Every structure is written in structure tokens, then in C-alpha cells.
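Data block below; observations after.
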Amino acid sequence: MFQGNVITLNGVAKAADSTQNLVPNCGFFQWTEQMYLWLTSPAPASYGGGSRIMFSPKFFTVTPEDAGGRRDFIVNNPRRALVMKLRKTELGPHGLPALMARSGQIIEVQRAIPGRAVPPIVRLPSGAMVQLSSATRSPEGKLRLFSLRGAEVQASKLKLPMIARQNVMLQPNQLTPMVSTDVFRSAISARKFILNKIPIFIDAVGNVIDVEPGQADGGVLLSQNNSLIYYISTVNDVYAYHRTMQGAALIPFNTPLTFPMTMADANAVKTFAATKGHIILEPEALAIETKSSWVAASSVGNPNDYVSVSATVPTFAKTANTWTPNGQTVMKLVMVGLHVVGSTNGHGEMVWGTFEHVNNSPNASYTYQSTSGPKTVDPVPGASWVFSPTGSAGPFNVSNASWNGTAIVGTPIASTAVMRTKPWGMDGSNSVFNTQVISANASIIKELLAGDVRKNYFQVGTTWTIGGQAPSGGNEVGTNQLANSTIETFVQASSPGAPGSNCFQCHSTNKVSVSHIYRELKPLP
């Protein structure tokens with residue numbers, strides 16, 4: 001996997017050859033491992049330098065949406081600090097901010113119209129509508145609503161069935177619970193209003209939607225040392241010039257356009273890039289997209305054990321309940337999470353893998369097969385985690401701060417106890433897949449030399465679809481309850497055994513629209 005076919009300390013890895021047919025399941029897990037090593041390799045001179053290959057001039061930072069809903073490519077420059085932002089709200093299948101109902105359905109929240117706040121009016125079981133004056137929520141998550149007269153009211157709740165899971169035998173003698181992506185594509189449209197800093201979600205006719213306690217469509221994650229977590233998205237040059245080839249117009253969501261999947265596709269992009277004066281060094285990587293999460297280096301006890309960069313981040317004037325933006329500063333950050341996403345031969349839906357640092361969060365209990373027999377691993381109660389108090393019993397993954405459009409708010413703003421409820425991208429009881437991912441990690445980590453910071457990260461899992469089909473009807477395979485505890489913190493399963501989220505619930509096509517940023521990007525000059 002390394003240049004020169006020799007493993008060296010913090011050495012430069014090769015990009016995986018995405019034009020090859022990947023053989024399930026180990027071929028996909030190995031692709032993810034190699035892409036991780038490549039992306040996090042120190043950037044050599046041939047890439048234009050930089051801290052890591054994914055931040056070299058062969059990659060481009062993608063900006064957040066502007067006022068017109070468009071994004072820009074920014075050429076990475078080793079002489080200029082990266083720019084990172086707060087957590088970007090996860091988007092649902094229709095490109096709207098998403099969260100999960102208690103029953104497991106995806107809820108998409110309509111974006112507020114400036115100057116037209118959603119009125120705090122809910123439907124009663126009788127069908128009458130009542131305006132609310134206030135709301136409270138108990139520590140157990142019970143919501144109480146009060147009318148303008150101060151009387152408690154019982155709002156009508158949207159009745160949602162628990163999502164049924166069909167058991168599919170993907171491995172001999174191993175049943176895996178599946179949920180049809182069609183269920184998630186039928187995302188429930190919601191509106192939101194806020195009372196006493198409590199977000200309340202209602203459907204089109206005023207029924208209250210019961211969401212997991214603490215979930216918010218703008219949840220902000222803090223470490224246990226109260227460091228904000230920052231995010232950045234980058235894409236490689238194949239991705240950027242493929243988008244540039246399509247022109248300046250917004251790409252329709254239902255476009256038939258696909259990402260490059262063959263060497264011929266890649267060479268067409270390489271030839272086009274050359275007309276713009278850009279040389280693509282590794283076209284066989286095909287289209288690559290990353291999203292990574294970072295905290296202040298000063299907030300962890302062992303910053304030298306992390307991939308680190310300098311970046312410009314926002315600063316805030318802070319009170320107990322409100323943090324208001326007041327500028328920006330350059331800060332040393334360390335990486336805690338990384339999504340590795342890319343097109344491969346026959347897989348326009350892209351392959352989705354994710355990595356975390358070993359110190360992030362505790363796992364829920366899980367089982368796996370060792371060379372000496374079956375093993376069960378329980379959470380380590382005495383461990384010190386970046387995102388969870390030592391020995392915490394929960395509640396886990398509950399948002400204690402959110403972005404309301406102008407500031408971070410909370411009652412008060414506080415860190416979150418985080419748990420990885422699907423430890424290896426599947427329910428902890430799925431010994432077969434747990435073993436495969438653990439084995440994939442071990443096969444790479446043991447080969448890296450002592451002192452290589454990449455040894456301190458592990459693959460949580462990787463997911464794709466059967467034959468590269470559009471995700472639908474249980475064809476999402478690999479570790480298909482995949483969530484990163486630092487990126488999908490508030491939309492991962494609320495507890496072990498609960499319905500789990502997966503990338504394909506919201507990235508639900510095998511065309512370029514599977515990437516939530518592609519359509520909106522403006523072409524390079």
C-alpha cells in the first residue's frame with residue numbers, strides 16, 4: 001500500500017486503484033483502509049506539499065452553502081491555514097436538515113423562511129388548534145406543553161409505526177436485520193418552532209412528532225473539555241474536474257449523471273483537467289470525498305498521538321446559555337473522525353467508510369470471533385474519553401447545544417456523553433461483521449511502524465450496495481448501520497438494539513446526487 005512498496009514511519013501510501021472490481025466483503029474494507037492511509041499521508045512535493053494529502057493542492061476544500069445555495073471549490077494552499085466550520089447539520093434524502101423519530105423514521109425539517117417564524121400552534125386530539133405559551137422537558141425526555149392561559153395541554157402526536165426489520169441471510173447461518181431504504185426515502189416533512197429553548201417538531205397539520213430526546217436539527221457537539229468540534233469537507237481533483245466538466249448550472253437532483261467508475265472515465269477527466277493546466281497524478285483513485293472532524297489540540301491529553309493541522313475557526317462570546325460568534329482565530333486542531341467516500345468500479349452509489357480515533361467514545365457491548373473462540377467486549381467503565389465522562393452511564397448522544405442560525409444555545413450549553421451504539425457499523429450482536437472489520441483493522445495497524453499516528457485510528461466500517469444499485473429494498477450491504485460518533489452523533493441509534501441509521505438512508509441514489517455537495521458546486525475557473 002506504500003509508495004516504493006516499503007512501509008516507512010509516517011510514510012506516503014498509494015491511492016487504492018478504484019477501477020478494480022472489489023470483492024465483498026474484505027475487498028471493500030481493504031479499499032477503505034488504503035484510502036485512509038493515502039489521504040492521511042504527509043503530502044509529498046509532487047502533490048504540492050501540505051500537511052496531509054487530503055489537504056494538498058491536489059485536493060479542494062468545499063465551502064458551506066452561500067446565500068444562493070451554491071458552494072465553491074477552494075484550492076488548498078500549504079502556505080494558508082485551512083478554514084473549518086461548526087458541525088454541518090446532517091441532510092436527509094431531499095437535502096433538508098434531518099433527525100430521527102423515536103420509531104426510527106427520518107424526519108426532514110423545512111428550512112425557516114426569513115421573517116416568517118413558525119407559530120407555536122399544535123393540534124389537540126379533538127382536532128382543535130391551540131397556541132402555546134411555554135414548554136418544559138423532564139430529565140427523562142417527557143415534553144410538557146402549556147397554552148396561553150397557562151393550562152397544560154395534551155397535543156396530538158403523529159402516530160408512526162416502529163420500523164420493522166427484515167432478517168436477510170448475507171452470511172451462512174447469520175441473519176442480518178435490514179430496513180428498506182424506501183422507508184427512509186419517504187422522509188416525514190416537519191416544521192420547527194422553539195419554546196423556552198426547546199425545539200418542537202410538528203407535521204403539516206400540527207401533530208407533534210416524537211423525536212429522540214436531545215435531538216436537534218442543528219446539534220452542536222462539544223468535547224468533555226468543552227472544545228467545539230469543527231468540520232471540513234474536501235474532494236480530490238478527479239471529483240472537482242468532473243464537476244467542472246458539467247458547466248455552471250445547478251445540477252438537477254434527478255440527473256442521470258454518474259461519477260467516474262472506470263479508467264476510461266478517469267482518463268476523460270484527466271484530459272479535461274490538462275486543458276485547464278492541472279495534472280491529475282492518480283486518476284485511478286476516481287472521485288473521492290472526505291469529511292473530517294477536529295477538536296482543539298489543547299483539549300486532549302496526548303495531541304502528538306493525533307493527525308494535526310492549523311486551521312482558522314470561529315470564536316465566540318460566551319455566556320452559560322448562549323455563545324455568539326465574534327470573530328475567528330487560527331488554532332492547532334487534532335483529527336477525531338474521518339469519512340472516506342469514493343466511486344469504484346461499478347459502484348456509482350460510492351463506497352462509504354469511516355474512521356475514528358481510539359480515544360473518542362466507548363463502544364456498546366459487542367461480540368466477535370477470535371482465534372481462541374467467541375469473545376464479548378463490554379464498555380470500559382474506567383476509561384477516559386474525549387467525548388464521554390469517565391464511567392458514564394448515560395444518557396448518551398443527547399444534544400446539549402444547538403445552532404439556531406445566529407448563535408449556539410443550550411440550557412445550559414454543555415458537552416454530551418457519547419457512545420458508539422453500533423460499534424462496528426452493525427448491532428453489537430453481529431459477530432460475523434464485527435469480526436471482519438476488526439480483522440481488517442488489525443491487518444493494517446500491526447503493519448504500521450511504532451510512532452505512526454495513523455495506528456491510533458480505526459475503521460468503524462464500510463457500506464455499499466449489491467452490484468452498485470441505487471440503495472433500495474435491503475440491498476445496502478457491508479456494515480449497513482454505519483455512523484461516526486463525532487459526525488452522526490445525534491442521528492445514530494439511540495441505544496443498542498434500536499433502529500440504526502446508515503449513510504444510504506439519506507444518500508439514496510447511485511448518480512452524482514448521492515453526494516450532497518456535488519449538485520451545488522460551482523465549477524473551477
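All figures in this text were calculated on a predicted structure; none of them were measured in a lab.
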Gln30, CD atom: more than 12 neighbouring heavy atoms under 6.0 Å:
no
Salt bridge flag under 4.0 Å for residues Arg420 and Glu356
yes
Side chain to side chain contact (heavy atoms under 4.5 Å, CB included) test vs Ile251 passes for just one of Glu520, Arg243, Lys511, namely Arg243
Taking atom types as modelled, is there a side-chain donor on Ser388 or Ser361 under 3.5 Å from an acceptor on the other?
no
Working to the nearest 0.5 Å, report the span between CZ of Arg52 and CG of Leu338.
11.5 Å
Residue pair Ile53, Thr40: steps toward the side-chain contact (heavy atoms from CB on, under 4.5 Å) verdict:
CA-CA 6 Å; Ile53 280 178; Thr40 55; over 6 Å; no
Main chain of Gln110, side chain of Arg191: is a donor-acceptor contact present, judged purely on distance under 3.5 Å?
no
For the side chain of Asp452 and the backbone of Asn10, is there at least one donor-acceptor N/O pair under 3.5 Å apart?
yes
Looking only at heavy atoms, which two atoms of Arg71 and Pro64 are closest? And how far apart?
NH1-CA, 3.7 Å
Can a side-chain donor-acceptor contact be found between Lys14 and Gln3 if the only test is distance below 3.5 angstrom?
no
With a 3.5 Å cut-off and no angle check, do the side chains of Asn434 and Asn430 form a donor-acceptor pair?
no
So Val437 and Val460, do their side chains get closer than 4.5 Å, heavy atoms only?
no
Testing the 3.5 Å rule here: is there a donor-acceptor pair between the side chains of His347 and Gln469?
no
Within-4.5 Å side-chain heavy-atom neighbours: Phe490 and Thr416
yes
Thr255 side-chain N/O to Pro252 backbone N/O, donor-acceptor pair under 3.5 Å:
no
Pairwise distance CE(Met84) to CD1(Ile229) - rounded to 0.5 angstrom:
10.5 Å
Please report the interatomic distance CG(Leu228) to CG(Leu222), rounded to the nearest 0.5 Å.
5.0 Å
Check Asp66 with Lys522, please: is the shortest side-chain N to carboxylate O separation under 4.0 Å?
yes
Side-chain contact test, heavy atoms from C-beta onward, threshold under 4.5 Å: evaluate it for Ser513 versus Tyr518 and give yes or no.
no
Side-chain heavy-atom pair Gln369, Gln436 within 4.5 angstrom cut-off:
no
Determine whether a donor-acceptor pair (N or O, by modelled atom type, separation under 3.5 Å) exists between the side chain of Thr244 and the backbone of Leu524.
yes
Judged by atom type as modelled, is there a donor-acceptor pair below 3.5 Å linking the side chain of Asn236 to the main-chain atoms of Leu286?
yes
We want to know whether Asn484 and Ser293 form a side-chain donor-acceptor pair, criterion being a heavy-atom distance below 3.5 angstrom.
no
For the ring pair Trp464 and Phe28, is the centre-to-centre distance below 6.0 Å?
yes
Quick one: are the ring centres of Tyr239 and Phe60 less than 6.0 Å apart?
no
Quick one: closest heavy-atom pair of Trp352 and Leu482, and the distance?
O-CD2, 3.5 Å
Using atom types as modelled and distance alone, determine if a side-chain donor or acceptor of Asp265 lies under 3.5 Å from a backbone N or O of Phe259.
no
Looking at Gly348, is its backbone amide N or carbonyl O close enough to the side chain of Asn510 to form a donor-acceptor pair, meaning the two atoms are under 3.5 Å apart?
no
Is Thr463 close to Val477 at the side-chain level, that is, under 4.5 Å between some pair of heavy atoms?
no
Ring centers of Phe355, Tyr457 separated by less than 6.0 Å
no
With rounding to the nearest 0.5 Å, note down the distance linking OG in Ser431 to CD1 in Ile438.
8.0 Å
Thr32/Gln34 under side-chain contact (heavy atoms from CB on, under 4.5 Å): CA gap, chis, key distance, verdict
CA-CA 6 Å; Thr32 300; Gln34 183 163 354; over 6 Å; no
Do Phe73 and Leu521 pass the side-chain contact (heavy atoms from CB on, under 4.5 Å) test, and can you show the C-alpha distance, the side-chain angles, and the key distance before you say yes or no?
CA-CA 7 Å; Phe73 293 110; Leu521 275 160; 3.5 Å; yes
Could you measure the distance from the OG atom of Ser443 to the CD atom of Glu33? Nearest 0.5 Å is fine.
6.0 Å
Hey, are the side chains of Met335 and Ser308 touching, using non-hydrogen atoms and a 4.5 Å cut-off?
no
Counting C-beta onward and ignoring hydrogens, is there a side-chain heavy-atom pair between Pro379 and Ser365 closer than 4.5 Å?
yes
Taking every heavy atom of Met263 against every heavy atom of Pro283, the minimum-distance pair comes out as CE-CG, 3.6 Å
Pair Ser292, Thr290: side-chain N/O donor-acceptor within cut-off below 3.5 Å:
no
How far apart are the C-alpha atoms of His278 and Asp237, what are their side-chain angles, what is the distance that settles it, and do they pass the side chain to side chain donor-acceptor pair (under 3.5 Å) test?
CA-CA 9 Å; His278 180 90; Asp237 45 12; 2.9 Å; yes
Please check this pair: side chain of Ser343 against backbone of Met350, looking for a donor-acceptor N/O pair closer than 3.5 Å.
no
Among Asn359, Thr489, Val336, which residue meets the side chain to side chain contact (heavy atoms under 4.5 Å, CB included) test with Phe387?
Val336
Is a side-chain N or O of Asn207 found less than 3.5 angstrom from the main chain of Ile202, in a donor-acceptor match?
no
Would you call Leu39 and Val340 a side-chain contact if the rule is heavy atoms closer than 4.5 Å?
yes
Centre of Tyr231's six-membered ring, under 6.0 Å away, within 45 degrees of the axis: is that where NZ or CZ of Lys291 sits?
yes
Starting at CE of Met419, measure out to CG of Asn363 and round the result to the nearest 0.5 Å.
8.0 Å
What are the two closest heavy atoms between Tyr36 and Arg454, and how far apart are they?
OH-O, 3.0 Å
Is a donor from one side chain sitting under 3.5 angstrom from an acceptor on the other, for Arg70 and Thr63?
no
Are the ring centres of Phe458 and Trp424 closer than 6.0 Å?
yes
For Met261 and Thr344, which heavy atoms make the closest approach, and how far apart are they?
CG-O, 3.5 Å
Strictly under 6.0 Å, is that where the ring centroids of Trp38 and Phe59 end up?
yes
Counting only N and O atoms by type, is there a donor-acceptor contact under 3.5 Å from the side chain of Lys157 to the main-chain atoms of Val208?
no
Check: Thr19/Glu284 side-chain N/O donor and acceptor closer than 3.5 Å:
no
Please test Gln459 against Thr354 for side-chain contact (heavy atoms from CB on, under 4.5 Å), starting from the C-alpha separation and ending with a verdict.
CA-CA 6 Å; Gln459 179 185 169; Thr354 196; over 6 Å; no
Tightest non-hydrogen contact, residues Ala16 and Trp31, listed as CB-CD1, 3.7 Å
